[in-house]
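Note sheet for the following structure.
Throughout, a chain's letter reflects where its sequence line sits, starting with A, and its residues are numbered from 1.
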Amino acid sequence: MRDALGAATTERAYGLWCTLERGWRATALGLVVVTVLAALGP
Amino acid sequence: MSAGADTDATDATDAGVGRLARLVPGVGLLVALAGAATLVAGFVPGVNALLLGVFFGAAVANAVGVPDWARPGIDTQKLLLETGIVLLGARITVDELVASGPVLVALVVVTVAAGVLLVEAVAGRVFGLADKTGSLLAAGASVCGVSAATAIAGTIDADGESLAHVVAAVLLFDALTLAAFPIAGDLLPLSGRQFGIWAGLSMFSTGPVTAAGFAHSEVAGRWATVTKLARNSMLGFVAVAYAVRYAGRAEEAATGLRAVFDGVPRFLVGFVAVAAVANLGLLSEATLAAVGTASDALFALAFVGLGLDVRLDAMRQTGAAPLAVLGVQLLTVSALALAAVLVLF
């Protein structure tokens with residue numbers, strides 16, 4: 001069940017990614033990087 | 001959740017993983033060349049790692065060519081550049097930007113308008129180019145290089161051959177200015193801010209502007225990028241102006257606001273968001289430093305990709321007239337921009 005949910009989430013994220021033009025992808029990637037670094041950082 | 005939905009999700013995930021796997025060889029090549037450039041620059045005093053990365057990329061592309069297996073990964077270079085710019089937002093000081101903002105925006109508007117009008121004036125009358133070719137050159141040189149020329153080609157329904165010539169001419173100037181501006185920056189008595197704004201106002205494409213800025217200094221890199229982003233944002237206005245000029249239709253003007261919005265680069269949203277988060281003090285110093293490092297790494301990869309896209313044989317096929325027009329535009333605009341930057345900043 002958990003795997004299926006994970007796969008569905010990944011599918012949705014991938015589907016959304018495919019619809020984005022490059023500038024929005026850069027925005028999304030940049031925000032993910034900042035969020036991850038902020039979460040990992042001291 | 002049904003078994004069918006599970007299967008669909010798995011298929012989509014597999015497709016995503018497969019697509020990601022195709023990027024690995026090309027991105028690996030970018031990493032290898034960027035690493036080699038950083039290594040060599042560390043041993044040779046006075047050599048800039050970013051510019052050396054561009055040179056390594058161009059050398060590989062023109063000596064042995066880019067293998068097909070590497071192409072998908074190398075084609076991510078613009079995404080890498082734009083993501084690097086989004087992260088660069090963390091290093092922007094909003095107070096400093098607001099203080100210079102009105103003057104900078106006014107300078108950008110005047111520079112873009114002057115550049116477009118100059119090219120439109122000389123392309124046909126002096127160099128005998130067709131109207132639409134002149135317009136593509138005007139947009140490419142004055143706004144944001146190949147992206148602007150391609151966008152305007154769609155707006156004015158220019159033919160593919162004209163666009164190909166303009167793109168080759170713009171790319172040639174991108175390579176020349178990428179070599180010339182850092183040298184000029186060393187020779188001229190300019191501060192980092194002055195050099196960055198000058199490069200941002202004068203050079204054609206975003207990648208080379210960013211590379212030349214950071215090759216000069218960190219401060220120059222930030223100002224070059226901000227200035228270039230302001231220039232890129234003018235694309236919508238220029239597109240509307242050309243739509244009205246060539247189509248002459250009232251409805252083009254009516255949909256102008258939408259076209260102006262469409263002309264704004266989307267990664268600007270991310271850049272502003274990251275700058276806002278950083279300036280509100282929501283990120284620790286360590287996180288800001290890590291974001292800065294990530295931005296630098298993405299730029300290093302993107303600049304190697306920039307070099308790998310340099311095709312000397314394609315540039316040789318460019319006609320003399322488009323090159324002459326771009327030369328006149330570059331010399332005039334960069335001279336005026338230099339004078340303005342020295343007086344105003």
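A salt bridge links Glu218(B) with Arg222(B); the closest basic N to acidic carboxylate O contact falls under 4.0 Å.
Comparing Leu29(A), Val33(A), Thr27(A) by how many heavy-atom pairs each has under 4.5 Å with chain B, the most go to Thr27(A). When the candidates Ile85(B), Leu79(B), Leu288(B), Leu268(B) are compared by the number of heavy-atom contacts under 4.5 Å with chain A, Leu79(B) comes out ahead. Ranked by heavy-atom pairs under 4.5 Å with chain B, the first of Ala28(A), Gly30(A), Gly15(A) is Gly30(A).
The part of Leu283(B) that comes within reach of chain A is its side chain, from C-beta onward, which places non-hydrogen atoms under 4.5 angstrom from that chain.
Among Val226(B), Thr227(B), Leu229(B), the single residue meeting the side chain to side chain contact (heavy atoms under 4.5 Å, CB included) criterion with Val108(B) is Thr227(B).
More than 12 heavy atoms of other residues, nucleotides or ligands sit less than 6.0 Å from atom CD of Glu21(A).
Residues Gly57(B) and Leu308(B) share a closest heavy-atom pair of O-CD2, 3.4 Å.
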